[in-house]
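In what follows, a structure is listed as structure tokens, so that the remarks can point back to it.
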Amino acid sequence: MGKVYIDFDPQQGFPKENNLFYECQSCHVEIPSAPKENLCCKCFNIFYDVDEDKFSVQDTSKIALFKKS
Ligand SMILES: [Zn+2]
């Protein structure tokens, strides 16, 4: 499967689709954009809270959005 990176502005919110994923560019963990549970990457840069349905990102320069194709 290939990755197609998509430009996005974290200030404008976090797109959620089944085939979209976030990648932490510090620890290179991939996180689904529409998770069903609390998730965080290894370095805790990206955290998703399922109760609040919200992504929290410490360093927005270290996050990328991509589509699997
Ligand atoms: Zn990370």
Side-chain angles (χ1 to χ4, degrees):
M1 287 225 280
K3 289 183 185 180
V4 178
Y5 287 93
I6 298 166
D7 281 333
F8 91 110
D9 181 355
Q11 308 300 332
Q12 304 294 317
F14 294 86
K16 288 179 187 156
E17 281 178 42
N18 287 334
N19 63 340
L20 291 181
F21 296 79
Y22 294 102
E23 179 184 281
C24 177
Q25 299 190 308
S26 291
C27 65
H28 304 287
V29 165
E30 297 174 4
I31 292 181
S33 66
K36 302 278 192 291
E37 59 189 345
N38 289 347
L39 286 177
C40 66
C41 69
K42 276 189 216 161
C43 71
F44 302 102
N45 183 39
I46 304 170
F47 177 76
Y48 175 78
D49 185 317
V50 73
D51 293 325
E52 293 189 44
D53 187 23
K54 183 167 164 266
F55 279 99
S56 302
V57 179
Q58 304 283 335
D59 183 349
T60 54
S61 70
K62 298 269 173 55
I63 184 172
L65 175 65
F66 69 90
K67 184 184 268 187
K68 286 191 178 176
S69 62

How would you list, by chain and number, every residue that makes a side chain to side chain donor-acceptor pair (under 3.5 Å) with Lys16, sequence neighbours excluded? Asp53
Is the shortest side-chain heavy-atom distance between Phe21 and Ser33 below 4.5 Å? no
Heavy-atom closest contact (Leu65 atom, Leu20 atom, distance): CD1-CB, 4.1 Å
Can you tell me how far the CD1 atom of Ile63 sits from the OG atom of Ser26, to the nearest 0.5 Å? 10.5 Å
Exam field: side chain Asn19 to backbone Lys68, donor-acceptor pair closer than 3.5 Å: no
Qualifying residues under side-chain contact (heavy atoms from CB on, under 4.5 Å), relative to Val29, sequence neighbours excluded: Cys27, Ile31, Cys41, Lys42
Pro10 side chain reached by Val57 side chain, heavy atoms, under 4.5 Å: no
The side-chain contact (heavy atoms from CB on, under 4.5 Å) partners of Lys3 (sequence neighbours excluded) come to Tyr5, Glu23, Glu30, Phe66
Run the ring-ring contact (aromatic ring centres under 6.0 Å, His included) test against Tyr22 and tell me which residues pass, sequence neighbours left out. Phe8, Phe14, Phe55
Salt bridge (charged side-chain N to carboxylate O under 4.0 Å, His left out) with Asp9: which residues, sequence neighbours excluded? none
With sequence neighbours left out, the residues meeting side-chain contact (heavy atoms from CB on, under 4.5 Å) with Asp59 are Asn45, Ser61, Lys62
